[in-house]
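Notes follow once the structure below has been shown.
Letters A, B, ... mirror the listed sequences (proteins, then strands); counts begin at 1.
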Amino acid sequence: MDLSTKYNPKNIESKLYDKWIKLFKIENQKNKNYYIALMAPPNITGNLHMGHALQNILLDVLLRYKRMKGFKIIWLPGIDHAGIATQYVVERELKKEGLTRYDLGREEFIKRVWQWKEKNGNDIINQFKKLGICPDWSKIKFTLDKKYIDWVEKSFIEYYNKGWIYRDYRAVNFCPRCQTSLSDLELNYKEEEGIFYYIKYPIKDSNEFITIATTQPETMLGDVALAINPNDTRYLKYLGKIALLPIIKRELLIIADNRVDPKFGTGIIKVTPAHSLIDYEISLKHHLEIIPVINEQGKIINIKEFEGLSFIEARRKIIEILKNENLLEKEEIITHFVPYCDRCGTLIQVIPLQEWFLKMSSLANLAKKSIKNREIIFIPNRFKRISLNWLKNIRDWCISRKIWWGQRLPVWYCQICDNYIVCQKKPKSKCKKCNKNKWKRSEEVFDTWFSSALWPFAILYTPKEKKWYPTDIVFTARDILNLWITRMIFSGIFFMKKPPFKFVYVHPTVLTKEGKRMSKSLGTGIDPLDLINKYSIDSLRFGLIWQTSNLQDLRFDESAIEAGYKFSNKAYNAVRFFLIRYPQMKKSKKLSKKDEKIISEFNKTLKFIEINIENLNFSKALKKFYDFFWNNFCSQYIESCKEETKNNPEVLKNIIINSLKILSIFMPFLSDYLWQIINQKKDKYLINEKWPQKI
RNA sequence: GGGCGGGUAGCUCAGUGGUAGAGCGUCUCGCUUACAACGAGAAGGACAGAGGUUCAAUUCCUCUCCCGCCCACCA
């Protein structure tokens, strides 16, 4: 045995992983009982970031532990087509060539995205493999696999037949750059200064005015009513009267609705159902007309004097006219929250469109019930309130998107009239309304998250795979709790009659040491691959596990990775000590006091680690192991071996071997390497060993 | 407006109703035959602030102030 005094991970890590891959295969695992974990599929646009690294490393620790505890690990890897995100990236590529997606046309554009996917989509998988994690790579799934698509379509149809999916013309969030509607969760609100314009609306047949305040005066062109709070005695006298919309002179009925907050603004609102989500809801109750005045390009429509102006130009012109007519009472600078597109950062417009919606009330109740009944456990527990809170006041989910990259709705529109049919294959029958047979597939695609919501069961393609539902656990970042986790819960319960997982572990968000968000564009990102190159995979794993807590954030400190690097060497040298000191094993003797002590310390440590891994306290488990190994074992016991001739070398070997087994869930490369040396067994791997028992 | 997390050594964080701990950093001394990616030792903290409960509070309760996050239609 010829070992240098330094552990050199570089040569070892790359070779070992290739050997492990076949051990990860589900068919090659001998254990009987399943332990099933759900992988959050990364986007095909993505590059490995710290969040991925942390999430998958932690889950890998748990799964390696479970496997050694006797479970067959089911961990299916996958990638997500990520509709808007991917389309945006490819559009950006096109822009470099001076092209837009419209220059290519839909078909050609989609081809380009597929090309892009083939070229770059697997990068993320290769990067995931760098983490040393143990999913079965032979069963990789993609959200645009044929069978996956089939699940999504069938789910849509099942909801539709249940009466929960409907098509409607209504105000929705719209991104003018992406040219698509968005759900409430895909917006990013920024606090900004804005101008509150106080505008006087004359009361018909009187000299009186009432004043409303708005930050978007251009939308007044679409006003159809004014509304007060029914309990607001100041304005009750106006109830039922008619106000005249300035400039346009449209007659506006003054109505009452308790959604109006008397304390905000002047306590009176203008009702613009076309361009405000609340106003739309008010208009439903009062049967008001929708008058769209801003189109998908942000230009004014339907109003002669303003036709074709951008909404900003219209705003300027309107304010000017109001000033001239003495109808602008005042302007006030306020700070308010303004919605931007979460993907591309463009200012959101609310405009009315024909879209597809999923009724949420029943589904929300399904999810609520299972969370409240503790069929699903959030860890830490406080995170369940994020879900429950969202479900409590949820709106129907706009699931159609007008982008190109994604999965088309299984809807066929009649080319002749306004009829449509919901089904997977092109209808053969004639349209019942117009008796023609001209059907065209919808060009609308699904909200990516509709598809991701089905992930836990839509990735199960064969009868054998179908047994892998429900899963035991999912690890997630907290920013997609509702976007993804909550939606998987109700989808799973509805389609599979069981919640998709028992435990939801919410890991901290990785921030910079200064507490800033890690972001490439801000230059604050740290690339896990750089750290792997600089130290080693095991060191990265050690450092991330070390720093994990159940707090909301993790301020990343590279020194923890360094500690992992040093620890590798410590463990390596402990083994070296054994090999040098005891090249041949003598017959066993009685145990010394020191022997007994270290055995008892080991047993305590083992117990502590088991409890803490089961409870997902990864860093506590690792720190305990570190402390035991470095202080109790190396500094005390091994040191004592140098002098105490009474110590039993078998104890020394035993502790090392069992420690390597424990260490293998945290630092699998180092452990396997050392274990093979000390055991003199080639092609045997710790992942197939049993978790240590009390010595 | 509502909710949540945090404020402990220079940095990142553990921790407990009874005179404060780790990793990294700093200082001193050691290349002693597993390891200088190491060892021995040291410095360094009114545990955000105020009040309360208690024999005793960093730890429990209340309030305040900072930092961060989430939700909500604030027109």
Ring centroid separation A:Y572 to A:Y7 under 6.0 Å: yes

Taking atom [atom1] in both [N] and [M], what distance in whole Å separates the two?
N	M	atom1	result
B:rG39	B:rG23	P	10 Å
B:rC61	B:rG17	P	12 Å
B:rA48	B:rA57	C1'	16 Å
B:rC4	B:rA50	C1'	24 Å
B:rA46	B:rA20	P	12 Å
B:rG44	B:rA9	C1'	6 Å
B:rU8	B:rC47	C1'	4 Å
B:rG25	B:rA42	C1'	14 Å

Non-neighbouring partners of [X] that pass ring-ring contact (aromatic ring centres under 6.0 Å, His included), sequence neighbours left out:
X	answer
A:Y626	A:F542, A:W546, A:F567, A:W630
A:F618	A:Y505
A:Y238	none
A:F196	A:Y198, A:F264

Base-pairing mate for [N] - Watson-Crick or G-U, with both contacts under 3.5 Å:
N	value
B:rU33	none
B:rG10	B:rC24
B:rG17	none
B:rG51	B:rC61

Sugar-phosphate, base or nothing in reach of A:A574, heavy atoms under 4.0 Å: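 Since a base atom lies under 4.0 Å of A:A574, the category is base.
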
Sugar-phosphate only, base, or nothing, as touched by A:I638 at under 4.0 Å among non-hydrogen atoms: base

Atom-to-atom span, [atom1] of [X] to [atom2] of [N] - whole angstrom:
X	N	atom1	atom2	result
A:L388	B:rC4	CG	C1'	14 Å
A:R382	B:rC4	CZ	P	11 Å
A:E562	B:rA37	CD	C1'	9 Å

Pairs meeting criterion salt bridge (charged side-chain N to carboxylate O under 4.0 Å, His left out) with involvement of residues 626-636 of chain A, two or more places apart: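 Every candidate salt bridge (charged side-chain N to carboxylate O under 4.0 Å, His left out) pair involving residues 626-636 of chain A fails, so no pair, neighbours aside, qualifies.
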
Aromatic-base stack, A:Y7 on B:rA37, cutoff 5.5 Å, angle under 30: no

Minimum-distance nucleotide to A:Q552 side chain [options: B:rG5, B:rG23, B:rA34]: B:rG5

Report all side-chain donor-acceptor pairs from residues 559-566 of chain A shorter than 3.5 Å, counting only partners two or more places apart or in another chain.
unit_1	atom_1	unit_2	atom_2	d
A:S559	OG	A:D557	OD1	3.1
A:S559	OG	A:D557	OD2	3.3

Salt bridge (charged side-chain N to carboxylate O under 4.0 Å, His left out) partners for A:R315, two or more places apart: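 Listed in chain order: A:E218.
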
By side chain to side chain donor-acceptor pair (under 3.5 Å) - contacts of A:S592 (at least two apart):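 Applying side chain to side chain donor-acceptor pair (under 3.5 Å) to A:S592 gives A:D595, A:N647.
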
Under the side chain to side chain donor-acceptor pair (under 3.5 Å) test, residues paired with A:D479 that sit two or more places apart: none

Nucleotide-resolved protein contact map, nucleotides 70-75 of chain B, B/S/- at heavy-atom distance under 4.0 Å: -SBBBB

B/S/- contact track for nucleotides 9-16 of chain B, protein heavy atom under 4.0 Å: --BSSSS-

Verdict with supporting geometry, A:K330 and A:T211, side-chain hydrogen bond (donor to acceptor under 3.5 Å, both in side chains): CA-CA 10 Å; A:K330 62 171 173 174; A:T211 304; over 6 Å; no

What's touching nucleotides 38-40 of chain B from the protein side, N or O pairs under 3.5 Å?
unit_1	atom_1	unit_2	atom_2	d
B:rC38	O3'	A:K570	NZ	3.2
B:rG39	OP1	A:K570	NZ	3.2
B:rG39	OP1	A:W630	NE1	2.6

pair A:F628-A:E601: side-chain heavy atoms closer than 4.5 Å: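 Yes - at least one pair of side-chain heavy atoms lies under 4.5 Å apart.
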
Minimum side-chain heavy-atom gap A:F383-A:R478 below 4.5 Å: yes

